[in-house]
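Within every chain, numbering begins at 1; the chains are lettered A, B, ... in the order of the sequence lines, protein sequences first and strands thereafter. Bear in mind that the values here come from a model prediction, so they are computed numbers and not experimental data.
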Protein chains: 2
Amino acid sequence: MAQADTVTRILDTAEVLFAERGFAETSLRNITSKAKVNLAAVNYHFGSKKALIQAVFARYLDPFTERFHAALDELEAQYAGRVIPLEVLLETMAKTVLDVPAERNSLKVFMRLLGLAYSQAQGHLRRYIQEHYGSVFSRFSDLVRQATPDLPEAERFWRLHFVLGTVIFTLSGLDALRDIAEKDYGEHVSVRDLIRRLRPVVVSAMNAPLPDAPSDSLPAAV
Amino acid sequence: MAQADTVTRILDTAEVLFAERGFAETSLRNITSKAKVNLAAVNYHFGSKKALIQAVFARYLDPFTERFHAALDELEAQYAGRVIPLEVLLETMAKTVLDVPAERNSLKVFMRLLGLAYSQAQGHLRRYIQEHYGSVFSRFSDLVRQATPDLPEAERFWRLHFVLGTVIFTLSGLDALRDIAEKDYGEHVSVRDLIRRLRPVVVSAMNAPLPDAPSDSLPAAV
DNA sequence: TAACGTTTAAAACAAATGTTTATCAACTCG
DNA sequence: CGAGTTGATAAACATTTGTTTTAAACGTTA
């Protein structure tokens, strides 16, 4: 079947180029020439470049949300009404993120795409992701709320985004950082290595003491 | 003097548009029309779009590095050979970051630009920043090293990037997050508010316990 | 004042972009 | 077999991009 082949070849090539150079910097001609398909094939199969971008995301996020929901189902059954500890929730999320792209051996691409989704202005993308995948995040947030009853509502919201920011940011900018790290230490780090390092940091961040009262008196430096 | 006026009007407009939409998505015509200057003025005054981008960064980073160096000088004099505590170092950095753009009332723009510098592929930018401003970061890293003698070399390197990631990521994507937060809590957050929340999180992250040994045996979820 | 370099203005440039069209091949199914 | 759908191909489309060019206006200096 030549059709499916063309479609997946476009997706495979597009996700790599998008991850490497961003959306605006990747032209359809870049994609089609590298994928060895006709230029018009993109508009024929996907309709537009925007739709292609969304399709690239969907291919990662659809299985991710499905598995994440399943993992949370299992967790809830396992804990049978008892509160699921924060560490377990974070661990589960990490494991799901690691699992999904393993099939296509492209965790790096997945993380980079997530980073782009956040940082890139592309309004349509943010809207698309929020609409299609907002529910999983809500569910996860709810569980985190139960796991951290002492945290004020707003504080938890922000901390969750802090740690998500850390993870996505470092893992999406991994290549650049890895270059620096190797130059400085000669040590090669794998993604799994990084996640191992991230875990205690993330947990400590979530469990940090509450900030001072919102008065704007800054403490003296010494 | 019409020249300087044109130059700064271009820079003022460019930095806002770049921050809002990214580099590739902002055309020179967008800039010049909004700045009410001639299209050719950009190439005349700056030479190219790349040079304009670098000039936009330089206008923030030059004063930042200058002040940051000065602040570190002061700190080293103050502590006279004794080790400067980590909290003080982080606090000093935060204060410098907050100070610099205050003049032009555009901290948001500054953070967003930093985020773009990280996430955007633009190779020339990363190279430019690393070449011109790498030394300040090295100096800061050294001080952090002295402040955290128990942390293994590589661990400190990564944690520093973790927390930098958190800060830049959240502050650069602030608008989007603020929208969600306001929708959920009706609460409006200022940048200073966010930094207040960030402080304990960052400190806890840096002081987190060391990760498990690099064996890849994942602990059971329960 | 006269001449010079500097800055603006408007137009034109070549190149690259996303998208559409028209034509042809391949396969399906009655 | 043959009508009809589906996909692939190449060409063309209209825009938009960064950059240059040409001309005029301005301001400084001799």
**Prompt:** Taking NE2 from B:H45 and P from C:dA9, how many angstroms apart are they, rounded to a whole number?
**Reply:** 10 Å
**Request:** Give a yes/no on whether any side-chain N or O of B:T6 is located under 4.0 angstrom from OP1 or OP2 of C:dT7.
**Result:** no
**Fill in**
Those residues at least two apart in sequence (or on a different chain) that pass side chain to side chain contact (heavy atoms under 4.5 Å, CB included) with A:A94 are none
**Prompt:** Does A:T170 have any side chain to side chain donor-acceptor pair (under 3.5 Å) partners at least two apart in sequence or in another chain, and if so, which?
**Reply:** none
**Prompt:** What residues, two or more places apart in sequence or in another chain, satisfy salt bridge (charged side-chain N to carboxylate O under 4.0 Å, His left out) together with A:D62?
**Reply:** none
**Request:** For A:N30, enumerate each residue passing the side chain to side chain contact (heavy atoms under 4.5 Å, CB included) test, keeping only those at least two apart in sequence or located in another chain.
**Result:** A:L17, A:R21, A:T26, A:S27
**Message:** Filter on salt bridge (charged side-chain N to carboxylate O under 4.0 Å, His left out), then keep only pairs touching residues 157-174 of chain A, sequence neighbours left out; what's left?
**Reply:** A:E155-A:R159
**Item:** Atom-to-atom span, CG of A:D5 to C1' of C:dC27 - whole angstrom
**Value:** 17 Å
Look for any protein N or O under 3.5 Å of an N or O in nucleotides 15-22 of chain D and output each such pair with its distance, or none.
| residue | atom | partner | partner atom | Å |
| --- | --- | --- | --- | --- |
| D:dG18 | OP1 | B:K49 | NZ | 2.7 |
| D:dG18 | OP2 | B:L28 | N | 3.0 |
| D:dG18 | N7 | B:R29 | NH1 | 2.8 |
| D:dG18 | O6 | B:R29 | NH2 | 2.7 |
| D:dT19 | OP2 | B:N43 | OD1 | 3.3 |
| D:dT19 | OP2 | B:K49 | N | 3.0 |

